[in-house]
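Proteins come first, then strands; the chains are lettered A, B, ... in the order of their sequence lines, and each starts at number 1.
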Amino acid sequence: MKKYLEKLFESLSNKLSYLNEIEVQFSIPAVSEHGDYSTNAAMLLAKSLKKNPRAIASEIIDNLELDKNIIAKVELAGAGFINFFFHPDYTTKIISEILQKDDHFGKSNKFEGKRANVEFVSANPTGPLTVGHGRNAVIGDTLANLLESIGYDVDREYYFNNAGRQMRVLGESLKLRYLELFGDKIDFPADYYQGDYLIDIARKIKEEFGEKYRNEDPLNYFKQRAEYEIFEDIKNTLSRLKIEMKNFFNEHSLYENGNIQDVLNAFKDKNLSYDKDGAVWLKLSELGNENDKVIVKSTGEPTYRLPDIAYHMNKLERGYDLVVDLFGSDHNATYPDVIAGVNALGYDGSKIKVVIHQFVTITDGGEKVKMSTRKANFITLDELIDEVGPDVVRYFFIMRNVSSHLNFDIALAKKHNEENPVFYLQYAHARICSILRMTEEQNLAASQENLSLLSSEVEQSLIKKLHQFEDVILYSAESFEPNKLTSYLEETAALFHKFYTECRILGTEKNLAEARIALCESVKILLKNGLSILGLNAPEKM
RNA sequence: GCGCCCGUAGCUCAAUUGGAUAGAGCGUUUGACUACGGAUCAAAAGGUUGGGGGUUCGAAUCCUCCCGGGCGUACCA
């Protein structure tokens, strides 16, 4: 429907050239009396044309070359809105389109041939993924799915650092746990990793090798084994959520291939860095940011900014058209420095899209739970999946606006899991499957011969809703807002349930019944495709 | 102090990015199948969009000042 209007106005702009001054937008009015689509174009033009918006709207309407079989009515309303009412026979054609496109319905090719890199999770291997990482993981994977739906070739990437202080402490923590197993009196430091998972790994080592590593340097075997085991655990957790990474990118490789040194040299050559107090500073104040920052400490060790800049240059060099970074809000101050650095060295930082999501606040029966991997008073993502299942976990993490805080009450999630909206969507799908099984037994099959019989208010509302699917996916993907898709799917499922209540299939006249089956199949395809983008199952029975 | 994000119904959140009468779910109250799945549907009640001021045809949305919360503001990542 929207595409038709866009074409209509495109050809109209040849006649009324002032339409080229603005981007004509079509929106769906909140109330159906205001039409199926509406545009405020006349009001936007009022100022520059110095004319009454209603007069402009009137002129636009007079010049529209309408096909009465497509648009039944056009109205001038309110302060200058132009409202369009579509002909029911035209809207029902979407059903044929959906049945024909099937798995592809909703996808578009706007970004065909483009490549995107989505970097997410990127937790260092110091412990199991927590509920906090879960939001990052699910948003990232869903965004990747959305980008694929609009034509991108997407690589999912996990960036990690296995050098640094954190990892040293991890190796030492594991060695102490290992020694404890032999009855050694250990004063386990408070700032070491407290979690039980290290005790489990220590036990494995003891079972496999006995006392062999009692005198081992913790930075060798213990650190490596901890990293390996924890990574296996992380990958397993991600795979339970149907998340599979294409690359695991080790920060250390940027040192090995000389990229870090190259970047350092490039900054120096461009006179963008200087030495002060034994450290190397980047002139970020000359690059539009607030203060200069240290990129190499006086100890000779780079700060995170330097490898981050090198890493983003690396990604851009790999030829991606879009580079998405998904960070928690604790990183919100760091990315402007990185992008400024990348731009300064001649790369196109505008290809980098940083998505900042707010934190998950965990409560348990109203009481706030503070999370820290170090202190081990966290709830792991695995435990959460055990409790409520992967589908609920995935849905829960994306159903809210990315930029809003997410309240996650564990007690509520356990207790009320049947009230979760994910079941509402899945139930609609299962219900359709059940109907289709039933109608098949009665030798009824979907027919596109008499779609014009689908003329009741609820049928028309539902059909018009189906029209929006492709636009919603496009919008959701381009704005990096996966919750737009969940809201839309919930609305569509609600309309389906309403349709189900009002419109029977069995027992009604055959032509109407078979048209309704076609509608049911369309909704089923839409739900299945939508759930698939969200990474959820579309069950045939529940 | 400064920067980013947030504040909407009792609770958790929407609102097509500046549009027409601010909407859902949960909870509360009341209804609906002796044929397609009641994990559903219908209805009622619930609001000065944290507060004041401003911008314009029009503001939950933009600007400004307060109030309250989260995250930053490192030679930690």
For the pair made of [atom1] in [X] and [atom2] in [N], what is the distance, rounded to whole Å?
| X | N | atom1 | atom2 | answer |
| --- | --- | --- | --- | --- |
| D277(A) | A74(B) | CG | C1' | 14 Å |
| M43(A) | C57(B) | CE | P | 11 Å |
| E491(A) | C41(B) | CD | C1' | 17 Å |
| R400(A) | C6(B) | CZ | P | 16 Å |
| E502(A) | C33(B) | CD | P | 15 Å |
| L306(A) | A74(B) | CG | C1' | 16 Å |
| H497(A) | A42(B) | NE2 | C1' | 15 Å |

In residues 291-301 of chain A, what residues come within less than 4.0 Å of RNA chain B, judged by heavy atoms?
->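 Going residue by residue through residues 291-301 of chain A, the ones with a heavy atom under 4.0 Å of RNA chain B turn out to be V294(A), K297(A), S298(A).
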
Positions of residues 427-443 of chain A (non-hydrogen atom under 4.0 Å from RNA chain B), listed by number = Y427(A), A430(A), R431(A), S434(A), I435(A), M438(A)

Test of understanding: with side chain to side chain donor-acceptor pair (under 3.5 Å), list the residues that count as partners of [X], not counting sequence neighbours.
| X | result |
| --- | --- |
| K528(A) | none |
| N529(A) | none |
| K110(A) | E478(A) |
| S476(A) | none |

Residue closer to the 5' end of RNA chain B, S38(A) versus P302(A) (nearest nucleotide) |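 Between the two, 5'-proximity favours S38(A).
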
Residue whose closest nucleotide on RNA chain B lies nearer the 5' end, T501(A) versus E290(A) | E290(A)

Base partner of [N], which must satisfy Watson-Crick or wobble distances under 3.5 Å:
| N | answer |
| --- | --- |
| A42(B) | U30(B) |
| G7(B) | C67(B) |
| A24(B) | U12(B) |

Between [M] and [N], how far apart are the [atom1] atoms? Round to whole Å, please.
| N | M | atom1 | value |
| --- | --- | --- | --- |
| G27(B) | U12(B) | P | 15 Å |
| A77(B) | A60(B) | P | 45 Å |
| U8(B) | G47(B) | P | 15 Å |
| U30(B) | C13(B) | C1' | 26 Å |
| A74(B) | A9(B) | P | 36 Å |
| C71(B) | G10(B) | C1' | 28 Å |
| G46(B) | G7(B) | P | 24 Å |
| U61(B) | U21(B) | P | 16 Å |

Using the six-membered ring of F359(A), assess whether NZ or CZ of R135(A) lies under 6.0 Å from its centre and within 45 degrees of the ring axis.
->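 That pair does not qualify as a cation-pi contact.
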
Residue pairs fulfilling salt bridge (charged side-chain N to carboxylate O under 4.0 Å, His left out) with at least one residue in residues 505-522 of chain A, sequence neighbours excluded =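 Every pair satisfying salt bridge (charged side-chain N to carboxylate O under 4.0 Å, His left out) with a residue in residues 505-522 of chain A: E459(A)-R516(A), K510(A)-E514(A).
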
Contact list for residues 31-49 of chain A, test salt bridge (charged side-chain N to carboxylate O under 4.0 Å, His left out), sequence neighbours left out = D36(A)-K464(A)

Do you know the tightest heavy-atom contact between P189(A) and Q194(A)?
->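 So the minimum-distance heavy-atom pair works out to O-NE2, 3.1 Å.
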
Describe, in one word, how the ring planes of H497(A) and Y427(A) are oriented to each other, choosing from parallel (under 30°), tilted (30 to 60°) and perpendicular (over 60°).
-> parallel

Partners meeting side-chain contact (heavy atoms from CB on, under 4.5 Å) with [X] (sequence neighbours left out):
| X | value |
| --- | --- |
| D292(A) | Y274(A), W281(A), K283(A), S285(A) |
| T39(A) | F9(A), V24(A), F26(A), A41(A), I82(A), F84(A) |
| T334(A) | Y304(A), H331(A) |

Side chain of Y424(A) (C-beta onward), nearest among G72(B), C13(B), C41(B) = C41(B)

Nearest of C5(B), G19(B), U21(B) to any side-chain atom of H405(A)?
->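 The listed nucleotide nearest to H405(A)'s side chain is C5(B).
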
Nearest 0.5 Å please: distance from the CG atom of L466(A) over to the OG atom of S522(A).
->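 The CG atom of L466(A) sits 6.0 Å away from the OG atom of S522(A).
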
Aromatic-base stack, H331(A) on A77(B), cutoff 5.5 Å, angle under 30 |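 Check failed, H331(A) does not stack on base of A77(B).
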
With a 4.0 Å cutoff (strictly under), does any side-chain N or O of [X] reach OP1 or OP2 of [N]?
| X | N | answer |
| --- | --- | --- |
| Y159(A) | A77(B) | no |
| K484(A) | A15(B) | yes |
| S403(A) | C6(B) | yes |

Might you list the N or O atoms of the protein lying below 3.5 Å from N or O atoms in nucleotides 43-50 of chain B, with each pair's distance?
none

